S.K.: 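One structure coming up, written as structure tokens, with questions to follow.
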Amino acid sequence: MSEPINPFPIHGYFGPELFCNRDDERDMLIEAVRNGRNITLFAPRRIGKSALIHHVFHFLHPKWSCIYLDVQESASFKDFTNLFLTSVLNGVKRQKTLFNKVQEWLLSFRPVLSTNPHTGSFEVEIDFKSDAQQQTSIKSAFQLLDSQGPTVIALDEFQHIHSWDEGFAVESWLRSEIQHLKNVRFIFSGSQFHLLTEMFQSAKRPFFASTQPMNIGKIEMERYRIFIGRMFQAHGKAIRTEEIDCILEWADGNTYNVQLLCNRIFSKASKKVEQAMIDESIIEIYAENKLSYFALRNSMSKYQWQVLTAIAIEGMVFAPTARDFLKKYDLGAGPSVLRAMEYLLSRELVYQYYQDDGKKYYQVYDIILMRWLQKR
Ligand SMILES: Nc1ncnc2c1ncn2[C@@H]1O[C@H](COP(=O)(O)OP(=O)(O)O)[C@@H](O)[C@H]1O
Ligand SMILES: [Mg+2]
């Protein structure tokens, strides 16, 4: 990817210059991989898991072959197999000898090979006839990589395999294959906390206790503050600490939202950031999302919407059935709130977080939606 003009990209990874901190997380991941431990990376959506994986790859490369795939892009095991082979080919493309080996090996499957004209990446399409054939090809790709040297494979949004019919069988099979590899390490990552913890921490499941869990949180406020100031200054744009704090506060420290707002403000400011530019950017963001929020409102009952709004206004809710909370937002009885919460959690509109001391609380998952509801 070529470097963007705006230093606050809202998609992808553009190298350490445009990446804020995460040094400890990077070092922990590298240390685990180097010492033969597979990792499960948990975090809410848009905190920066995928970008962190690419950041780690940046430092492991070229000693390690680094293969990344987003499991969400595959609708079935067959799709996954093609995506995996595509990712292997792209992952080793800068290692000439290995690349030639992989390419030669792939040709035996009679694939349709193409190049994406926009990204320059290779695409592999093989018309597999059975699950067994797919398993054989993935297994031999693992073995090929294992014989060539250190490799790390990131399976991002891994819990998504359970949206396929064959998900459970693939999970067991993958587990048994992975344990035989000597030089290949895995990073499993995911946003759906319940699904992922169930997969990796339930004694009944094949991956039980086989990986090191790692949870990433928000980027440290102070680090982000310095980073934002530096990015603006490097482009000759002045920004004051109160304005940076206003951005971080609105975005609730959520990486994507911080980036999104900074990206807008950066494009508006020629020499100096003014509060009005922040306000305008926020209004633009609301305007763009408004229609989907109206559609969201129409997709649920009035009461469910009322509970969602109450949680948004409250910000962090520790006890949704507490008398004060019910009374303040006129929510009626505790059991009704619990039913509504269950619904909102299942639709991932509300998320269950843990404080450092282990205390549980609820918050609206999408911070932009939360801010929009607070304003109404
Ligand atoms: N440390 C960081 N510094 C700057 N931008 C980041 C950082 N981590 C993530 N981002 C940006 O934030 C957005 C969300 O990150 P992403 O990795 O896609 O989140 P996740 O995978 O957890 O959903 C992306 O646009 C990414 O470029
Ligand atoms: Mg991601």
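Read the numbers this way: they start at 1 and go in the same order the structure lists the ligands and their atoms. Since this is a predicted model, take the numbers as computed values, not measurements.
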S.K.: Which option out of Pro7, Ser189, Cys20, Pro9 puts a heavy atom nearest to atom 1 (N) of ligand 1?
M.R.: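 Heavy atom nearest to atom 1 (N) of ligand 1 belongs to Cys20.
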S.K.: Are more than 12 heavy atoms, taken from residues, nucleotides or ligands other than Glu342, located less than 6.0 Å from that residue's CD atom?
M.R.: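 Not more than 12 within 6.0 Å, no.
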S.K.: Using a 4.0 Å cut-off to any heavy atom of Thr255, which atoms of ligand 1 qualify?
M.R.: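 By the 4.0 Å cutoff, the relevant atoms are 6 (C), 7 (C), 8 (N), 9 (C), 10 (N), 12 (O).
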S.K.: Below 4.0 angstrom, N of the basic side chain to O of the carboxylate: do Glu274 and Lys268 qualify?
M.R.: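 Judged by the 4.0 Å cut-off on N to carboxylate O distance, Glu274 and Lys268 do not form a salt bridge.
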S.K.: Regarding Glu222 and Arg225, does a basic nitrogen lie under 4.0 Å from an acidic carboxylate oxygen?
M.R.: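 Salt bridge flag = yes for Arg225 with Glu222.
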S.K.: Of all the atoms in ligand 1, which lie at a distance below 4.0 Å from a heavy atom belonging to Ile219?
M.R.: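 Once the distances to Ile219 are compared, the set is 1 (N), 2 (C).
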S.K.: I want to confirm something. Looking only at heavy atoms, which of Phe19, Tyr13, Tyr256 is nearest to atom 14 (C) of ligand 1?
M.R.: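 That would be Tyr256.
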S.K.: Just let me know how His11 lines up against ligand 1, side chain, backbone, both or neither, with a heavy-atom cut-off below 4.0 Å.
M.R.: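 Just the backbone.
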S.K.: Around the Mg ion (ligand 2), list the protein N/O/S atoms within a radius below 2.8 Å, excluding water molecules.
M.R.: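 Short answer, with waters excluded from the count: Ser50 OG.
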S.K.: Regarding atom 23 (O) of ligand 1: of the candidates Arg22, Gln259, Arg46, which has the closest heavy atom?
M.R.: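 Looking at heavy atoms only, the winner is Arg46.
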S.K.: Would you mind listing every ring-ring contact (aromatic ring centres under 6.0 Å, His included) that reaches into residues 256-279, with sequence neighbours excluded?
M.R.: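 Every pair satisfying ring-ring contact (aromatic ring centres under 6.0 Å, His included) with a residue in residues 256-279: Phe232-Phe266, His235-Phe266.
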S.K.: Verify whether the ring centers belonging to Tyr353 and Tyr362 lie closer than 6.0 Å.
M.R.: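 Not under 6.0 Å, so no.
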S.K.: Is Arg376 positioned over the aromatic face of Trp372, cation under 6.0 angstrom from the ring centre and no more than 45 degrees off axis?
M.R.: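 Flagged: Arg376 positioned over aromatic ring of Trp372.
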S.K.: Does some side-chain heavy atom of Lys237 sit less than 4.5 Å from a side-chain heavy atom of Ser270?
M.R.: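 The answer is no, as the side chains (C-beta and beyond) never meet within the 4.5 Å cut-off.
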S.K.: Using a 4.0 Å cutoff against the non-hydrogen atoms of Ile10, which atoms of ligand 1 qualify?
M.R.: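 Answer for ligand 1: 24 (C), 25 (O).
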S.K.: May I ask you to identify, for Ser191, whether its side chain, its backbone, both or neither come under 4.0 Å of ligand 1 on a heavy-atom basis?
M.R.: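 The answer is neither; Ser191 stays 4.0 Å or more away.
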S.K.: Check if Gly12 has a non-hydrogen atom at a distance under 4.0 Å from any atom of ligand 1.
M.R.: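 Contact check Gly12 vs ligand 1: positive.
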S.K.: Going by the rule salt bridge (Lys or Arg N to Asp or Glu O under 4.0 Å), which residues pair with Arg371 if we only count those two or more places apart in sequence or in a different chain?
M.R.: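 Scan of Arg371 (salt bridge (Lys or Arg N to Asp or Glu O under 4.0 Å), adjacent residues dropped) gives none.
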S.K.: Please list, in number order, the atoms of ligand 1 under 4.0 Å from a heavy atom of Leu18.
M.R.: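 Every atom of ligand 1 under 4.0 Å from some heavy atom of Leu18: 4 (C).
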S.K.: Would you mind listing every ring-ring contact (aromatic ring centres under 6.0 Å, His included) that reaches into residues 315-339, with sequence neighbours excluded?
M.R.: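 Those involving residues 315-339 are Phe318-Tyr361, Phe325-Tyr329.
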S.K.: Answer yes or no: is there a donor N or O on one side and an acceptor on the other, between the side chain of Ser189 and the main chain of Lys49, under 3.5 Å?
M.R.: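 Judged by distance alone, no pair lies under 3.5 Å.
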S.K.: Closest by any non-hydrogen atom to atom 22 (O) of ligand 1: pick that one out of Glu25, Lys49, Arg223.
M.R.: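 Checking each option, the heavy atom nearest atom 22 (O) of ligand 1 is found in Lys49.
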S.K.: With atoms numbered from 1 as shown, which atoms in ligand 1 lie under 4.0 angstrom from a non-hydrogen atom of Ala51?
M.R.: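 The list of qualifying atoms is 8 (N), 9 (C), 17 (O).
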